[in-house]
Amino acid sequence: MESIPRWEVLSLCGIGTWVILSSMFNVTQKIRSLTQPWVSSYVVSTTPITLKIQKYHNKYLDAFFSALSCVVSVPFYTAFLPLLFWSGHCKLARQMTLLMALCDYIGNCIKDVVCAPRPSAPPVRRITATEDEKENALEYGLPSSHTLNTVCLSGFLLQYILSYIQNDDAITGLVGLVIVCLFVFFIALGRIYLGMHSLIDIIAGLAFGLAILASWLSVHKYIDYFIVSGQNGPGNALEVPEAERFASFWAVLCFLLLFAYPTPQLPTPSFEFHTAFNGVALGIVIGVHQTYHQFHHESVPRVFTPQLTLPAFLGRLIVGYPTILLVRFCSKALAKWMLPMLANALGIPVRSSSYVPSLSVSASAKKSDQIKQAGYIQKLFFFSQQDSFEVDTGIRLFQYASLAWSVVDLVPSLFFHLGL
């Protein structure tokens with residue numbers, strides 16, 4: 001029987017070692033002390049640029065840029081990615097899901113390491129037309145997540161489309177590149193116009209986005225091969241129980257990424273967003289690995305073909321979306337009941353900020369013990385002085401992992417039995 005591949009062990013040990021060392025040597029605080037004053041000064045100095053752009057405000061531009069920001073928001077991708085899976089473009093869907101999770105993790109880590117402020121409002125006029133935007137405004141500023149995500153996802157989508165249509169025409173590629181650049185430009189301009197970001201946030205979003213995209217384009221084929229086969233390469237089959245090893249590796253990886261997340265100066269929604277996408281990546285990867293040969297191989301029917309007509313695809317949407325919403329509701333209820341009970345059985349005191357009212361704490365206790373990100377998780381294992389631990393993170397992770405699993409496993413099984 002062949003042992004677990006060495007690179008898996010080394011990667012997990014490397015992340016675990018980083019968690020320990022960064023906690024011992026206060027790496028986050030040292031990086032923040034070097035970067036925060038510099039970035040903050042640029043945010044203040046570029047405020048006149050934001051005000052000049054906002055001088056041209058009117059209700060039509062308000063509506064246009066607010067709507068455009070929704071197109072690259074988390075709720076949009078939550079609806080868009082299942083649609084890709086069910087339309088037959090499974091490879092694109094799983095790779096965009098992992099890329100989105102990577103962008104979300106790196107972008108939010110940088111935000112909570114630097115802890116740079118958003119443009120001061122007033123004098124800047126901040127427009128938050130949706131609840132999602134109001135929640136985004138509670139995060140730190142640098143880098144602009146909308147800009148970073150748009151660069152990565154639109155760039156990768158362009159690469160996929162050009163590869164899919166197998167068109168080597170330079171003009172087609174140039175037209176696609178121009179469209180992507182214009183889209184990124186309007187997204188970036190909109191973030192400044194809405195008062196959500198300063199110019200330095202946009203520049204950082206572009207820089208980190210291009211770096212992540214270039215790195216992803218060089219490794220995405222290897223990552224995808226590992227996900228669908230559980231192997232390191234052709235001819236390197238593993239004799240260990242493949243599904244169990246694979247699921248264990250990804251579960252431990254996602255768990256360690258929660259530990260490795262930096263602690264910000266003040267609590268923000270960034271860690272919650274990361275936890276959600278971390279769970280989504282876990283559910284997608286495990287679900288695809290288990291059902292690849294049934295529902296996610298390259299020969300599955302694709303929309304607008306005789307094998308998957310438009311009426312059948314609409315039927316998939318009618319069945320699929322209510323199903324995953326039901327799974328999300330049920331998994332959340334199950335986790336709210338199961339995790340506190342498990343913690344109680346293990347003698348671990350837990351609290352809840354929002355999900356379990358019976359475990360809520362007083363306002364004074366919240367103020368003194370509210371930063372629930374990886375900093376407290378690290379202290380759980382090293383010199384902990386916490387009286388109780390936040391259970392909402394586990395509930396959120398389980399909820400979104402279950403939702404993602406239903407997208408790639410449960411719902412396609414329903415399509416099969418319903419003839420869709």
Looking only at heavy atoms, which two atoms of [X] and [Y] are closest? And how far apart?
X      : Y      : value
Leu213 : Phe156 : CD1-N, 3.8 Å
Pro117 : Ser40  : CD-OG, 3.3 Å
His197 : Pro119 : C-CG, 3.5 Å
Val408 : Gly287 : CG2-CA, 3.6 Å

For Lys134, the salt bridge (charged side-chain N to carboxylate O under 4.0 Å, His left out) test, sequence neighbours excluded, returns Glu131

For a quick check under 3.5 Å, do [X] and [Y] share a side-chain donor-acceptor pair by atom type?
X      : Y      : result
Thr275 : Asn278 : no
Glu139 : Thr268 : no
Tyr261 : Asp112 : yes

Sequence neighbours excluded, every pair satisfying side chain to side chain donor-acceptor pair (under 3.5 Å) that has a member inside [range]:
range            : value
residues 81-96   : His89-Tyr160, Arg94-Asp224, Gln95-His220
residues 325-336 : Arg328-Tyr400
residues 408-417 : Trp405-Asp409

So do the side chains of Phe85 and Val288 get within less than 4.5 Å of each other, counting heavy atoms only?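 Side chain of Phe85 against side chain of Val288, heavy atoms only: contact under 4.5 Å found.
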
Using the ring centroid of each side chain, check whether Phe277 and Phe273 are separated by less than 6.0 Å. no

Sorted by chain and residue number, the side chain to side chain contact (heavy atoms under 4.5 Å, CB included) partners of Leu34 (sequence neighbours excluded) come out as none

For Leu334, the side chain to side chain contact (heavy atoms under 4.5 Å, CB included) test, sequence neighbours excluded, returns Trp337, Phe398

One should read off an interatomic distance between Ile202 CD1 and Thr147 OG1, to the nearest 0.5 angstrom, of 3.5 Å

Nearest-0.5 Å distance, CG of residue Asn149 to CG of residue Leu99: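 So the gap between those two atoms works out to 8.5 Å.
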
